[in-house]
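Count residues from 1 along the sequence. Basis for what follows: all heavy atoms, side chains included, without hydrogens, waters or symmetry-related copies. Counting convention: from 1, in listed order, for ligands and their atoms alike.
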Amino acid sequence: MARTRRPLIAGNWKMNGLTSDALALAKDVAAGVSQAGWTDRELLVCPPATLVMAVAGAVKGSGLMVGGQNCHAKASGAHTGDISAEMLKDAGASHVIVGHSERRSDCGETDAIVRAKAEAAWRAGLTPIVCIGETLAEREGGKTLAVLETQLKGSVPAGSAAAKLVVAYEPVWAIGTGKTPTIAEVAAAHAHIRKVLGGLMSDAEGVRLLYGGSVKGSNAAELLTAGDVDGALVGGASLNAAEFLAIAKAV
Ligand code: 13P
């Protein structure tokens with residue numbers, strides 16, 4: 001079946017990577033991207049902030065894009081330890097992940113904070129990847145679709161358009177656990193996300209919706225061809241170039 005949206009395969013390296021290993025990984029992924037010459041899909045890696053500039057330099061010209069994992073809502077100021085979307089852009093990023101469940105739980109990020117960060121990304125000329133997803137208790141309580149709807153309505157800024165927004169559905173219980181939802185569950189979540197987005201913007205049909213949570217080479221073909229899935233946000237498996245490229249090939 002021909003896809004109407006260009007898939008995006010994004011690697012979230014999380015808090016992993018020191019210069020030499022990280023640059024080797026980035027170069028291996030970039031070489032795979034160059035060699036494949038894909039025009040029908042996009043690949044992105046999101047290293048820790050300390051490595052964004054070096055990775056962007058190392059992969060320049062390959063077609064592999066580089067993103068940040070988080071940003072502050074403000075452009076500059078007295079916010080010790082934070083980095084702004086403008087700084088990520090300056091370092092060579094094109095995207096930034098906002099509202100990852102690890103930041104929502106580790107740092108108490110609310111939907112309103114996530115929304116402000118997505119707006120900051122636009123201000124800086126970055127594309128935000130807005131993350132949402134239910135906990136195990138919420139899924140078991142039958143609240144998945146309602147939780148996704150609340151998170152979307154709170155986290156996606158007004159004025160959204162398909163060209164400047166990516167949404168990632170990451171069930172919290174599937175992250176780093178090896179567990180994944182069934183294809184029917186992924187399809188149901190993505191269909192609901194697109195429906196809710198339809199009430200928030202005029203071109204929701206064009207927004208790329210990524211699935212994230214224990215994606216690997218061996219399950220990518222099945223997960224990523226579920227209805228309304230336009231790519232993946234990959235954690236652990238993105239730390240291995242061959243595995244990450246295998247996921248990209250499976251789309
Ligand atoms: P894993 O692929 O390691 O489950 O992580 C998913 C994730 O959180 C990506 O943002």
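- Near Gly213, meaning under 4.0 Å from any of its heavy atoms, are these atoms of ligand 1: 4 (O), 6 (C).
- At the top of the distance list for atom 2 (O) of ligand 1, counting protein heavy atoms only, stands Gly235 N, 2.8 Å.
- Atoms of ligand 1 lying under 4.0 Å from any heavy atom of Gly236, numbered from 1 in the order shown and given with element: 1 (P), 2 (O), 3 (O).
- Using a cut-off of 4.0 Å between Lys/Arg side-chain N and Asp/Glu carboxylate O, Arg104 and Asp111 are scored as salt-bridged.
- In this structure, the side chains of Met65 and Leu8 come closer than 4.5 Å at one or more pairs of heavy atoms.
- Distances between N or O atoms of Val234 and those of ligand 1 include no value under 3.5 Å.
- A salt bridge does not link Glu119 to Arg123: none of the charged side-chain nitrogens sits closer than 4.0 Å to a carboxylate oxygen.
- Looking only at heavy atoms of the protein, atom 7 (C) of ligand 1 is closest to Glu170 OE2, 3.1 Å.
- Listed by first and then second residue, the ring pair (Phe, Tyr, Trp, His ring centres under 6.0 Å) pairs that reach into residues 128-164 come to none, sequence neighbours excluded.
- The neighbour count for Lys143 NZ, taken as heavy atoms of other residues, nucleotides or ligands under 6.0 Å away, does not exceed 12.
- Each of His190, His192, Arg5, Lys195 was checked for a side chain to side chain donor-acceptor pair (under 3.5 Å) with Asp228, and the lone residue meeting it is Arg5.
- The distance criterion of under 3.5 Å between nitrogen or oxygen atoms is met by Gly176 with respect to ligand 1.
- Between Lys14 and ligand 1, at least one pair of N/O atoms sits closer than 3.5 Å.
- Close approach to Leu233 involves these atoms of ligand 1, each under 4.0 Å from a residue heavy atom: 9 (C), 10 (O).
- Distances shorter than 4.0 angstrom do not occur between any heavy atom of Ala237 and any atom of ligand 1.
- Relative to the six-membered ring of Trp122, Lys164 meets both conditions, a distance below 6.0 Å and an angle of at most 45° to the axis.
- An N or O contact shorter than 3.5 Å is missing between Glu102 and ligand 1 by distance.
- Tested against His72, the residues Ile83, Ile113, Asp82 include a single side-chain contact (heavy atoms from CB on, under 4.5 Å) partner, Asp82.
- With ligand atoms numbered from 1 in the order given, ligand 1 contributes 4 (O) to contacts under 4.0 Å with heavy atoms of Ala174.
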